[in-house]
Amino acid sequence: CSMSIELTTTAEFLRASHITRWGIVQTAVRQNIAEHMYRVWTLARAWGPLVELSPDQQFLAEQLALMHDLPEIRTGDAPTPHKTTELKAHLAQIESQIYPELRALEKQAAPATAALVKHCDTAEAVLFLSINGLGTHAQQVTQLLRQQMLDRLAMSPFTAAQQSALIDAFHTTLHAT
C-alpha cells in the first residue's frame, strides 16, 4: 500500500496549524505555517496596491500568500540557511507533487506578483522574529532575512518608487507592531 504525497483531504490541509516554523531559532512564541500564511496574506493584501497589480494579479497574489507553504504539511519547514540551490530544486520537484494546484497558480503569476509574494513572505519572517526572536542567533537570522528582503527588492521588477513605498510600508508596520 503506497501513500500518495499529494494533499487532497480537508483534514490534511488543516494540519497546516500543526507544522511549526523556526526550528533552528529560539522564539518567545511558536509560529505555525497556517499563521505565517495568514500574515503573508495580510501583507500582500495591504501592500499589493503599492505596486499597482491588476485586480486579477492582486487576487492571485493573495491566493498564493494563503497557499505558498502548504507543501510543508508533508515536508516540514526547511530552515532557509540550509536551502542550497540543489535542495531548492529537489524541494520544488517534490512540492509540485504534493500540491500541484500551487504550481499551476505560480505559473499564472506575473513577475511583479511573484516578487510581491516573496517580499511579503520574507517581510513577515523579519516582522515575526523582530518581535519574537530570542538571543543572538535570532538577531543574526533576522538581519540575514532583512538583507535578503532588501536585495530581492532591489532586483525586483518594481520601480524605484514602488520599492521605496514597500520599504516605507514595512518600516511603518514594524514600528507599529
Side-chain angles (χ1 to χ4, degrees), residues 5 7 9-51 58-84 87-88 91-92 94-95 98-99 101-102 105-106 113-153 156 163 165-177:
I5 64 169
L7 295 171
T9 69
T10 302
E12 289 174 321
F13 286 105
L14 288 173
R15 289 183 195 135
S17 62
H18 304 168
I19 310 302
T20 56
R21 290 171 49 84
W22 308 115
I24 65 167
V25 179
Q26 188 175 8
T27 59
V29 296
R30 299 182 95 182
Q31 184 185 42
N32 62 59
I33 65 170
E35 176 188 1
H36 165 68
M37 290 184 293
Y38 169 78
R39 288 167 54 97
V40 174
W41 170 81
T42 302
L43 297 177
R45 187 169 181 267
W47 297 349
L50 301 176
V51 296
Q58 176 65 38
F59 181 75
L60 182 57
E62 292 176 26
Q63 290 297 111
L64 289 169
L66 285 172
M67 300 160 65
H68 74 278
D69 280 344
L70 285 174
E72 292 180 7
I73 292 170
R74 293 276 192 257
T75 65
D77 178 44
T80 297
H82 300 293
K83 288 183 186 172
T84 61
L87 180 57
K88 284 180 186 176
L91 278 173
I94 293 169
E95 289 173 354
I98 294 171
Y99 195 44
E101 183 182 342
L102 177 60
L105 287 176
E106 287 174 340
T113 304
L116 176 69
V117 174
K118 191 62 188 171
H119 174 72
C120 293
D121 185 25
T122 309
E124 191 286 325
V126 174
L127 291 166
F128 181 84
L129 286 180
S130 293
I131 301 303
N132 297 294
L134 298 175
T136 304
H137 180 64
Q139 290 174 348
Q140 291 168 343
V141 171
T142 304
Q143 284 306 114
L144 173 72
L145 290 169
R146 187 181 202 130
Q147 192 58 55
Q148 282 181 353
M149 178 183 75
L150 295 173
D151 290 348
R152 283 193 194 113
L153 205 50
S156 74
Q163 291 176 34
L166 287 171
I167 291 169
D168 289 348
F170 169 80
H171 285 117
T172 299
T173 304
L174 177 63
H175 297 301
T177 302

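Please read these numbers as outputs of a predicted model, since none were measured by experiment.
The side-chain contact (heavy atoms from CB on, under 4.5 Å) test with F170 singles out one residue from L166, T172, L174, and that residue is L174. When each of I33, L70, T75 is checked for a side-chain contact (heavy atoms from CB on, under 4.5 Å) with I19, only I33 meets the rule.
At least one side-chain heavy atom of H36 sits under 4.5 Å from a side-chain heavy atom of V40. The shortest distance between side-chain heavy atoms of D151 and Q147 falls below 4.5 Å. A heavy-atom distance below 4.5 Å is not found between the side chains of R152 and H119. L116 places none of its side-chain heavy atoms less than 4.5 Å from the side chain of T113. When side chains are defined from C-beta on, L102 counts as touching P71, because their heavy atoms get closer than 4.5 Å.
Between the side chain of H137 and the backbone N or O of I24, at least one donor-acceptor pair lies under 3.5 Å.
Residues E101 and Q63 have side chains that never bring a donor and an acceptor to within less than 3.5 angstrom of each other. A donor-acceptor contact closer than 3.5 angstrom is absent between the side chains of H18 and N32.
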- May I have the step-by-step check of side-chain contact (heavy atoms from CB on, under 4.5 Å) for E124 and M149, ending in yes or no? CA-CA 10 Å; E124 191 286 325; M149 178 183 75; over 6 Å; no
- Decide side-chain contact (heavy atoms from CB on, under 4.5 Å) for D121 and L43; before the verdict, give the C-alpha distance in whole Å, the side-chain angles of both, and the deciding distance to 0.1 Å. CA-CA 8 Å; D121 185 25; L43 297 177; over 6 Å; no
- Message: T27 vs L134, test: side-chain contact (heavy atoms from CB on, under 4.5 Å). Steps then yes/no.
- Response: CA-CA 5 Å; T27 59; L134 298 175; 5.7 Å; no
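Look at E35 and R21 and you find no salt bridge, because none of the NZ, NE, NH1 or NH2 atoms lies under 4.0 Å from a carboxylate O.
Distance check, rounded to the nearest 0.5 Å: CG of L66 to CG of L105 gives 11.0 Å.
The heavy-atom pair separating Q58 from R45 by the smallest distance is NE2-CA, 3.7 Å. The heavy-atom pair separating I5 from R74 by the smallest distance is O-NE, 2.8 Å.
Taking the six-membered ring where the residue is Trp, W22 and F128 present parallel rings, their angle staying beneath 30° rather than reaching 60°.
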